[in-house]
Amino acid sequence: MASPARWNHVWVGAETGILKGVNLQKKQATNYTASGALRRDEGVCAMCWGDPLESEILVGCLDRSVKLFSTEKGKFTESRLCPGGEGPFRGLAVQDGSLITCVESGLLKVWREDSSEAAELQVGPGVCRMRQNPARPQCVGTGGKENALKVWDLQQPQEPIFRAKNVRHDWLNLRVPVWDRDLQFLPGSEKIITCTGHHQVRVYDPSSPQRRPVLEVTYGEHPLTALSLAPGANSVVVGSARGDVAVIDLRQGRLLKCLKGFAGAVRGVQCHPTRPLVASCGLDRFLRLHGLDDKRLQHKVYLKSQLNCLLLTSREAWEDEDPDPAKAEEVKEEEDELWAAMETVRTHPAPKRAADPGAGAVKKQKRARVGP
């Protein structure tokens with residue numbers, strides 16, 4: 001029988017080192033880290049699924065350990081130390097049984113499952129995000145502060161297969177600073193979308209002759225910190241350091257709608273692959289689930305800790321799920337046996353009390369004594 005952790009819909013990592021699972025159907029949140037073991041230097045800074053079935057979660061911590069959590073067993077099963085470089089993890093990925101890590105200083109490593117040694121690659125300092133291409137798992141994209149977008153083929157890591165070029169100088173003929181905060185690959189194409197610390201959303205097309213963005217949209221006045229593609233890949237959801245979350249159309253390059261209810265910097269955003277839903281978390285300690293069609297806030301869960309990252313399950317039909325049907329049937333059978341073994345107790349109405357003839361005589365005597 002699978003652990004109840006298997007039925008959680010959202011997984012979030014906190015600054016205190018806690019991995020939390022949230023079941024939106026039951027409106028329950030569970031901590032999967034012992035409360036006595038909380039340490040700031042074990043804060044969760046990166047997460048990814050360990051397999052396509054979403055039965056494993058890889059959790060990257062500030063102390064450079066990568067822990068494997070089994071959603072089937074409901075507990076951590078393995079831990080591996082991944083030293084090298086400086087700064088926290090900026091991305092985790094899995095490819096053919098190998099673990100891929102990237103830290104802020106730009107050291108990307110591929111840790112083979114059957115070897116303690118790792119292949120190393122320097123992608124440039126100041127990395128803010130490393131993401132894997134789902135269509136080509138051997139390819140990853142990196143970007144950061146003064147470290148423009150690059151796409152790497154880990155099978156031929158000598159040079160990036162794509163290196164973005166900075167945009168042209170501004171109207172004062174000044175160089176535009178580079179600060180890519182997050183990125184994602186568009187499915188069905190070679191395009192990559194990024195959001196920047198200078199509140200821009202950009203689309204790059206490696207198949208085009210130019211290495212500059214083919215589309216650029218400016219949103220708000222604060223750094224954009226996270227993004228996720230909406231179902232259909234025609235729009236993208238972005239979150240900012242002030243708590244603004246917006247949906248931007250990638251076909252016309254315009255703002256479609258804004259999602260409300262946030263009160264702090266957004267650290268993580270993820271859309272459901274098929275349903276019009278988006279989950280977000282951040283420094284205000286709330287996990288939120290919005291509908292992309294009606295902008296309605298469907299769920300809001302307070303999780304006590306500042307949240308750094310999240311994973312949203314790709315399962316569908318949450319409302320029809322039975323978290324533990326075998327257990328429900330077992331409980332029902334036990335209740336039936338218990339009721340069958342009980343002795344039947346019948347209750348009868350209380351008999352009517354017979355009238356006391358003396359009482360009537362007393363009353364008559366009292367009436368007889370009353371006179372003028």
Side-chain angles (χ1 to χ4, degrees), residues 13 15 17 39-50 57-68 78-134 136-166 177-185 192 194-197 204 206 223 225-227 267-268 308-309 311:
E15 284 190 346
R39 294 170 52 190
R40 285 278 178 178
D41 59 352
E42 294 182 358
V44 179
C45 50
M47 294 169 57
C48 74
W49 294 113
I57 300 175
L58 291 171
V59 180
C61 303
L62 288 176
D63 62 356
R64 294 299 183 80
S65 64
V66 178
K67 302 175 183 178
L68 180 65
E78 297 179 22
S79 180
R80 180 172 189 171
L81 190 63
C82 299
E86 297 179 357
F89 288 117
R90 293 306 188 188
L92 296 177
V94 178
Q95 194 258 329
D96 292 337
S98 299
L99 172 65
I100 304 171
T101 64
C102 183
V103 296
E104 186 178 16
S105 63
L107 183 62
L108 186 149
K109 285 190 174 185
V110 181
W111 306 84
R112 308 296 178 187
E113 187 176 9
D114 54 352
S115 175
S116 58
E117 298 182 357
E120 297 185 0
L121 172 65
Q122 183 57 244
V123 300
V127 174
C128 293
R129 182 71 68 185
M130 183 273 288
R131 281 192 188 267
Q132 187 178 32
N133 186 348
R136 300 174 61 191
Q138 74 277 12
C139 294
V140 297
T142 60
K145 195 165 188 178
E146 295 304 328
N147 187 352
L149 169 69
K150 302 182 186 70
V151 180
W152 304 83
D153 187 344
L154 299 180
Q155 296 178 350
Q156 300 174 350
Q158 293 79 13
E159 287 292 330
I161 59 177
F162 175 75
R163 189 193 300 267
K165 189 176 182 180
N166 195 11
V178 176
W179 193 6
D180 291 330
R181 295 292 298 269
D182 201 354
L183 63 100
Q184 196 163 355
F185 292 85
I192 307 117
T194 68
C195 66
T196 74
Y204 294 86
T225 55
L227 66 82
R267 290 284 182 87
N308 286 336
C309 47
L311 288 177

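For clarity, every value in this text was computed on a predicted model and none was experimentally measured.
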Do side-chain atoms of [X] reach the backbone of [Y] as a donor and acceptor pair under 3.5 angstrom?
X: R136; Y: D153; answer: no
X: K109; Y: P83; answer: yes
X: N308; Y: G13; answer: no
X: R64; Y: G84; answer: yes
X: Q132; Y: P137; answer: yes
X: N133; Y: C139; answer: no

Measure the spacing between [atom1] of [X] and [atom2] of [Y] and express it to the nearest 0.5 Å.
X: K150; Y: L108; atom1: NZ; atom2: CG; value: 12.0 Å
X: K67; Y: E42; atom1: NZ; atom2: CD; value: 4.5 Å
X: E104; Y: C128; atom1: CD; atom2: SG; value: 7.0 Å
X: L107; Y: E86; atom1: CG; atom2: CD; value: 10.5 Å
X: D180; Y: T194; atom1: CG; atom2: OG1; value: 4.5 Å

Is there side-chain contact between [X] and [Y], with heavy atoms separated by less than 4.5 Å?
X: T142; Y: L149; value: no
X: V178; Y: E146; value: yes
X: M130; Y: I100; value: yes
X: V66; Y: F89; value: yes
X: W49; Y: I57; value: yes
X: N147; Y: V127; value: yes

What's the shortest heavy-atom distance between [X] and [Y], and which atoms?
X: A148; Y: A164; result: CB-O, 3.9 Å
X: C82; Y: T101; result: SG-CG2, 4.4 Å
X: G85; Y: S105; result: CA-OG, 3.4 Å
X: C45; Y: P88; result: SG-CB, 4.1 Å
X: I192; Y: P206; result: CD1-CG, 3.6 Å

Subject >> Any residue meeting side chain to side chain donor-acceptor pair (under 3.5 Å) with Q158, in chain and number order, not counting sequence neighbours >> reply: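 Q158: no side chain to side chain donor-acceptor pair (under 3.5 Å) contacts found.
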
Subject >> Partners meeting side chain to side chain donor-acceptor pair (under 3.5 Å) with S65 (sequence neighbours left out) >> reply: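 Residues passing side chain to side chain donor-acceptor pair (under 3.5 Å) with S65: D63.
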
Report the residues that fulfil side chain to side chain contact (heavy atoms under 4.5 Å, CB included) with [X], sequence neighbours left out, ordered by chain and then residue number.
X: E78; result: L68
X: K145; result: W179
X: C309; result: V44, M47
X: D182; result: R129, R131, C195, A226, L227

